[in-house]
Amino acid sequence: GLGDVYKRQAKTREVGVQWAQGPHRLRSTWFVTRTRDLLLYDMNTWQFSNISSAKNKGLETSYSGQLNTTDLRASLTLQDPVNEETGQRLVRRAKTLASVSVSQALGLLTMGVSVRYTGPRPDIEGVPGLRSNTLLDVTARYNLTRDWTLFGRVENATNSPYQTAYGYNQLPRTTTVGLSWKMKH
C-alpha cells in the first residue's frame, strides 16, 4: 500500500532519556529524520513537487504531571527541517513548536486551557513567509451522571488570524458544545 512506500522513503534515528517520579514524566528525544522523495503540494499551481532529499534534526522535550487535581502538560520542539538539495529550510515547517496545557478538576466539573505556539516559517517561492502564531483553547467538561457528560470547547479563543499556507486563513474562534454518552460494558 501507500503506507509501505512511504515507510521505505523515511529513516529516523532517535536517542532519548526519560525521568519519572510519581505522577511526573519528563522526556527528551534527539532525532534525525531523512526523507527521500518528499512530496510538497503547491496551492498556486495545484501541483505536487518533489524534493529528492530532506533532513530534519532536532530536540523534542515534553512534560506531563499532576499536582493534586491539576493536570499539567508541556512540550517544546526545536528542529531544523532542510531541503538537502538546496540547503534551504523546508517550506511550512517551523523551527520552534511549543504547547502548554492545564486542566483542573473541581468536583464534577473539569476546566482546561491550552496554548499552542508555532514559529515563523517560509512558504513557497514568490509568496511571503508565514508568521508565528499563538492559539488559546479553552475546554470544560461536566459529569451529569456516570454515563453522561456535557462538554464545551472554544478553539482559538482570542480569534487570532493565522495561516498554515499563504492565502489560506484558518478557522476563527470556534465553539463546540455537546453531550456524550459512555456505553456500559
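Below, each value reflects all heavy atoms present in this structure, side chains not excepted, and no hydrogens, waters or symmetry copies.
Ion pair E60/R27 not flagged as a salt bridge, since none of the NZ, NE, NH1 or NH2 atoms sits closer than 4.0 Å to an Asp/Glu carboxylate oxygen. Ion pairing of R92 with D123 is present here, as a side-chain N (NZ or NE/NH1/NH2) and a carboxylate O approach within less than 4.0 Å.
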Where do R153 and D137 land on the salt bridge (Lys or Arg N to Asp or Glu O under 4.0 Å) test, with the steps shown first? CA-CA 7 Å; R153 180 173 57 244; D137 301 328; over 6 Å; no
Verdict with reasoning, L26 to T61, per side-chain contact (heavy atoms from CB on, under 4.5 Å): CA-CA 7 Å; L26 181 63; T61 301; 4.1 Å; yes
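Around CZ of R131, the count of heavy atoms belonging to other residues, nucleotides or ligands within 6.0 Å does not exceed 12.
Hydrophobic cluster membership for V32: W30, L59 (Ile, Leu, Val, Met, Phe, Trp, Tyr linked by side-chain heavy atoms under 4.5 Å, directly or transitively).
Of the possible polar contacts, none joining the N83 side chain to the G87 backbone as a donor-acceptor pair under 3.5 Å is found. The closest donor-acceptor contact from the side chain of R89 to the backbone of P81 lies at 3.5 Å or more, if one exists at all. In this structure, the side chain of Q170 engages the main chain of Y168 through a donor-acceptor pair within 3.5 Å.
Between the CG atom in D147 and the OG atom in S180 there is a gap of 10.0 Å [rounded to 0.5 Å].
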Let me have the donor-acceptor pairs involving side chains of residues 100-112, under 3.5 Å, with sequence neighbours excluded, atom names and distances please.
residue, atom, partner, partner atom, Å
Q104, OE1, T70, OG1, 2.2
Q104, NE2, T69, OG1, 2.5

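For the pairing with D80, the side chain to side chain contact (heavy atoms under 4.5 Å, CB included) check across K57, R93, K55 returns one residue only, K57.
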